[in-house]
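What follows is a short report on a single structure.
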There are 2 protein chains.
Amino acid sequence: MKISAQEEYGLRCLLRVAKSESGAASLPEIATAEGLSVAYVGKLMAVLRHGGVLDSVRGRSGGYTLAKPAEEIGLGSILLILGEPLFDETDYCKKHAGTEAPNGVCTNRSGCTLKSLWQTLEHWMRKTLDQITLADLIQNEGQLPELLRERLAAAVFADEPQLLTLNVVR
Amino acid sequence: MKISAQEEYGLRCLLRVAKSESGAASLPEIATAEGLSVAYVGKLMAVLRHGGVLDSVRGRSGGYTLAKPAEEIGLGSILLILGEPLFDETDYCKKHAGTEAPNGVCTNRSGCTLKSLWQTLEHWMRKTLDQITLADLIQNEGQLPELLRERLAAAVFADEPQLLTLNVVR
DNA sequence: TAAAATCTTGACAAAAAAGTCTACATTACT
DNA sequence: AGTAATGTAGACTTTTTTGTCAAGATTTTA
């Protein structure tokens, strides 16, 4: 459940591009700033570009720019480009069926317990992360914990506000 | 940010032990039920035993039992035994310092932005997960999404209830 | 005591992730 | 046109994670 190297460094490099004021950010520029090799940053940028969050320009004064305004790039979607979600519907049941599910239908009790656990956890986390944008990361550096908490609260109560009164009663 | 094999399978095997009604659960028993090799389950159980959530008995009618009642074993702590947290204070700044922190003090702006992001995310997630026990996983199988959401809401509002009114106003 | 069933441990093998290297394509500047 | 600075792509190497194997220790049962 830890954050992969690609997620950590990819996000950092993307932040560098977002912060870059003088036009496009170049590979050597980003690599130096983050203390990574140029080759590795090149690989990370390729992932982000294919994911659609970055545009690139080749040639002498080339480099990378954001494909959309920083205000429109949510953290959740960035992390999905760079790595895998907590729970991946597509191959979960195939990989973890166990012997209680011989008929193809997922009858594995403990398996499906965990499936719905991961699924729910993934849902709240992604929802919360997507409400924090690259712009937030740059502007609200100091208040990030408070911001995250606020967005988390908003996400939890967004769907069914009646939970609110339920919570007040306690 | 995905769940590691050790976390997934370790938790499953632990659930098997918790569900086992006829005394201790044996390696072959668990391995068969989960569709894993006996050797691999043996390794996973060793991790859980060293982590203090399992007791083992050797010999002919041996096997594994929970070291504590299932009601007292929180998911967050189990997952910390089986894998790494989202954010690990100890080596984070050392690994990700970049070139803006040459003096040892962490002056890396984007680095520390992410640090507080991961730290906060880890905080809520762990807090929420620790309020769900092995017993919950067994008893409340069907209502797990609702349960998780409820516990998440409780965790978010536990420290500072004034956020509640703030949210009502919206 | 012997045999069978179990857990324990550390070395090993296989697979996946992280990171590097090389050759090349594109653009700007002179 | 030539050169230097940039991004691109795929093969490769290294490291970490996953999973297996083999030898041994413990307990029960006959």
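Atom set for the values below is all heavy atoms of this structure, side chains included, hydrogens, waters and symmetry mates excluded. Each chain gets a letter, A, B and so on, in the order the sequences are listed, and its residues count up from 1.
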If only atom types and distance count, is the side chain of [X] paired as donor or acceptor with the main-chain N or O of [Y] below 3.5 Å?
X: A:D136; Y: A:T133; answer: yes
X: B:R49; Y: B:D55; answer: no
X: A:R149; Y: B:V156; answer: yes
X: B:R126; Y: B:G76; answer: yes

For the pair made of [atom1] in [X] and [atom2] in [N], what is the distance, rounded to whole Å?
X: B:L44; N: C:dT8; atom1: CG; atom2: C1'; result: 14 Å
X: B:Y9; N: D:dG19; atom1: OH; atom2: C1'; result: 11 Å
X: A:Q6; N: D:dT16; atom1: CD; atom2: P; result: 17 Å
X: A:E29; N: D:dG7; atom1: CD; atom2: P; result: 9 Å
X: B:E8; N: D:dT18; atom1: CD; atom2: P; result: 12 Å
X: B:M45; N: C:dT8; atom1: CE; atom2: P; result: 9 Å
X: A:E34; N: C:dA18; atom1: CD; atom2: C1'; result: 17 Å
X: B:E7; N: D:dT18; atom1: CD; atom2: C1'; result: 13 Å

Looking at [X], does any N or O in its side chain come under 4.0 Å of the phosphate oxygens OP1/OP2 on [N]?
X: A:K2; N: D:dT16; result: no
X: A:S37; N: C:dG19; result: no
X: A:Y64; N: D:dT8; result: yes
X: B:R58; N: C:dT9; result: no
X: B:H50; N: C:dT8; result: no

Let's see if you can work this out: which of [options] has an atom nearest to the side-chain heavy atoms of [X]?
X: A:S61; options: C:dA28, C:dA18, D:dG19; value: C:dA28
X: B:K43; options: C:dC21, C:dA17, D:dT20; value: D:dT20
X: B:R60; options: C:dT8, D:dT28, D:dG19; value: D:dT28
X: B:S26; options: C:dT8, D:dG19, C:dT6; value: C:dT6
X: B:Y40; options: C:dA18, C:dT8, D:dT20; value: D:dT20

For this session: Identify whether any heavy atom of A:A5 sits under 4.0 Å from a base atom; if not, whether one sits that close to sugar-phosphate; answer base, sugar-phosphate or nothing.
Result: sugar-phosphate

Exercise. Using a cut-off of 4.0 Å on non-hydrogen atoms, how would the nucleic acid contact of B:A24 be classed: base, sugar-phosphate, or nothing?
Worked result: nothing

Problem set entry | Pairing of A:E72 and A:K68 as salt bridge, 4.0 angstrom limit | no

Problem set entry | Modelled atom types, side-chain donor and acceptor of B:S4 and B:E7, under 3.5 Å | yes

For this session: Let me know, please, whether A:G59 or A:L36 comes out on the 5' side of the other along DNA chain C by nearest nucleotide.
Result: A:L36

